[in-house]
Amino acid sequence: MVEQPAITPVVAELAARFAAEGKHLYLVGGSVRDAVLGRPTNDFDFTTDARPAEIQRILTGWAEAQWDTGIAFGTVGASKKGEILEITTFRADVYDGVTRNPEVTFGDSIDGDLARRDFTVNAMAFDVASRTFVDPTGGLQAARDGVLDTPATPQESFGDDPLRMLRAARFVSQLGFTAAPRVIEAMRSMAGEIARITPERVQVELSKLLCGAHPRRGIELMVETGLADIVLPELTAMKLEIDEHHQHKDVFDHSLVVLEQAIDLEDVDQSPDLVLRIAALLHDIGKPATRKFEPGGGVSFHHHEVVGAKMVRKRLRALRYSKEITEDVAKLVYLHLRFHGYGNGEWTDSAVRRYVTDAGHLLTRLHKLVRADCTTRNKRKANLLRRTYDSLEERIARIAAEEDLARVRPDLDGNEIMKLLGLPPGPQVGAAWKFLKELRLDRGPMDRDEAEAALLDWAREQGITPPSA
């Protein structure tokens, strides 16, 4: 038996008002799909044969508030007892084949409205009054089979809106579905059409894909169909490289394993960590540009983390990611190899402090990324790497307990530096502050007398004569 969407008393009241006016009210879209799949949802959209003015009239006197910001698209919004309701007149839009913006046209049938939607699993409706499904395109069977297909031909659907190709990869990730062969074929032949879509829209879909339950499936579909060549060409480039451990088919496959392992390390009670997932996927993005074949058949990728951080910034900026996300991912990519200099614990406490300070607020994510980056099938080697990183985390915890590692700052602030050295605000004060910070990282916390003595010595070396000298 197919599970029906949960209908609240407010929605039942609303349906009764529409029925009293001889109109139908249908629940449509993701909420119907998720009900069929037994997934939780709080996103409820409705469609109706009533025209916008009729919707407004039916709501008047019942809704606590009404708004018409989407009325040009046939959508009227309302609220009742804390529930937000958006009701849209049947649509029968026509696309121009150039943009993804349709010419809004109102339709006369629920079947016609559903036929214009992106995928059959999203082209089901639920008649709220009669509690029956409307499924003209076979969405119920597609949901049972876990198949993603289009109501019309994929060529027609993607020609209307190329973003639907990226949405296909996103739904594969979110739902764990398999794209129908004809959908894959159309995506492969029409991938170039994605260039019609703005970077902002691409970024939203890519982020949703990465935060899905099965991101590997979505990413592999992007690469298989050529979408990645346009949206994230660095992924395809990684597919050509052999990683230096010779334990994986290619750097692309290794990166997908790292992504999956990073997801396993996420906090189960928290939302998906987009920054960590992007960093895991792109942490080796610099390898193709730094590959070097060594004598004896080896392959090296020296400084790929440095090159990779620059490439990440360029790609994420092109996709219009925020400055915060861009810089956080770039820093994680830049730092992901730092741990491998730790050896068997040879780092001094100073080096540990620098590791923590350089990571800053990303330290917990860096821990997860470094651990996820261990994909060797050699159990002895994997266990050794795990124990070594355990050791580093234990040292960080010990030093943090003794010092304020969260705020490694000089033992004197700018005002104290200016007073002690008799300097006005300017570059020399900044240089003094930087000297004290480096000293703090090397030695750990110092008392005030030690910090002042060290600063005075430094000042004399720089040709600065303190007032008391």
Side-chain angles (χ1 to χ4, degrees), residues 1-52 54-59 62-63 66 70 73-93 106-152 157 164 167-168 170-171 174-177:
M1 182 177 177
V2 178
E3 187 171 344
Q4 295 188 352
I7 301 301
T8 67
V10 167
V11 173
E13 275 183 42
L14 182 61
R17 289 182 69 87
F18 274 78
E21 296 290 333
K23 300 298 179 181
H24 293 276
L25 184 72
Y26 300 93
L27 189 62
V28 289
S31 55
V32 180
R33 177 200 69 219
D34 289 342
V36 169
L37 295 173
R39 289 162 52 95
T41 184
N42 55 6
D43 179 21
F44 297 103
D45 293 314
F46 300 89
T47 191
T48 179
D49 50 347
R51 291 300 195 252
E54 294 176 294
I55 298 173
Q56 290 177 313
R57 180 172 55 79
I58 293 171
L59 292 172
W62 177 82
Q66 248 189 86
F73 301 97
T75 301
V76 177
S79 63
K80 176 80 170 183
K81 297 181 180 178
E83 294 187 34
I84 304 299
L85 311 162
E86 289 200 338
I87 308 156
T88 303
T89 299
F90 293 159
R91 298 265 292 272
D93 300 340
F106 298 139
D108 297 312
S109 72
I110 182 63
D111 284 8
D113 180 272
L114 296 175
R116 53 172 284 277
R117 295 177 181 263
D118 54 4
F119 300 104
T120 58
V121 292
N122 295 332
M124 298 180 284
F126 184 74
D127 189 321
V128 180
S130 66
R131 305 294 177 96
T132 57
F133 282 98
V134 180
D135 179 25
T137 67
L140 283 170
Q141 190 61 50
R144 293 190 189 101
D145 295 342
V147 173
L148 197 69
D149 204 350
T150 53
S157 181
R164 288 172 173 172
R167 285 168 63 83
R170 187 247 287 189
F171 284 124
Q174 289 181 326
L175 304 177
F177 279 21

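Start at 1 with the first residue, then count along the sequence.
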- Residues D135, L114; criterion side-chain contact (heavy atoms from CB on, under 4.5 Å); working and verdict: CA-CA 8 Å; D135 179 25; L114 296 175; over 6 Å; no
- Item | Criterion side-chain contact (heavy atoms from CB on, under 4.5 Å) on Y26 and V32, from CA distance to verdict | CA-CA 10 Å; Y26 300 93; V32 180; over 6 Å; no
- Verdict with reasoning, T137 to R117, per side-chain contact (heavy atoms from CB on, under 4.5 Å): CA-CA 10 Å; T137 67; R117 295 177 181 263; over 6 Å; no
- Stepwise, does the side-chain contact (heavy atoms from CB on, under 4.5 Å) test hold for V128 with F18? CA-CA 10 Å; V128 180; F18 274 78; over 6 Å; no
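In this structure, OG1 in T132 is found 8.5 Å from CD in Q4, a value given to the nearest 0.5 Å. Taking CE from M124 and CD1 from I110, the interatomic distance works out to 12.5 Å, rounded to the nearest 0.5 Å. One distance of note links CD1 of I55 with OG1 of T75; it measures 7.5 Å at 0.5 Å rounding. D127 contributes atom CG, which lies 8.0 Å from atom CG of L25 (distance to the nearest 0.5 angstrom).
L175 places a side-chain heavy atom less than 4.5 Å from the side chain of R33. A 4.5 Å side-chain heavy-atom check between E54 and E21 finds every atom pair outside the cut-off. Contact annotation: the side chain of D145 never approaches that of F177 to less than 4.5 Å [non-hydrogen atoms, C-beta and beyond]. The shortest distance between side-chain heavy atoms of F126 and S31 does not fall below 4.5 Å.
Taking every heavy atom of both residues into account, P52 and G74 meet most closely at CG-CA, 3.9 Å. Between A143 and V36 the shortest heavy-atom distance is CB-CG1, 3.9 Å. Shown here for A123 and P136, the closest heavy-atom pair between the two residues is O-CD, 4.0 Å. Residues A142 and T120 come closest through the heavy atom pair CB-OG1, 3.5 Å.
Evaluation of the side-chain contact (heavy atoms from CB on, under 4.5 Å) rule for D118 yields N122, R164, R167, F171 as partners, not counting sequence neighbours.
Under a 3.5 Å cut-off, the side chain of D49 and the backbone N or O of K23 do not form any donor-acceptor pair. With hydrogens and angles disregarded, no donor-acceptor distance shorter than 3.5 Å links the side chain of T88 to the backbone of T47. Judged purely by atom type and a 3.5 angstrom limit, T48 uses its side chain to pair as donor or acceptor with the backbone of H24.
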In a table with atom names and distances, give each donor-acceptor pair under 3.5 Å that connects a side chain of residues 76-87 to protein atoms at least two apart or in another chain.
from, atom 1, to, atom 2, distance (Å)
K80, NZ, W62, O, 3.0
E83, OE1, T8, OG1, 3.0
E83, OE2, T8, OG1, 3.2

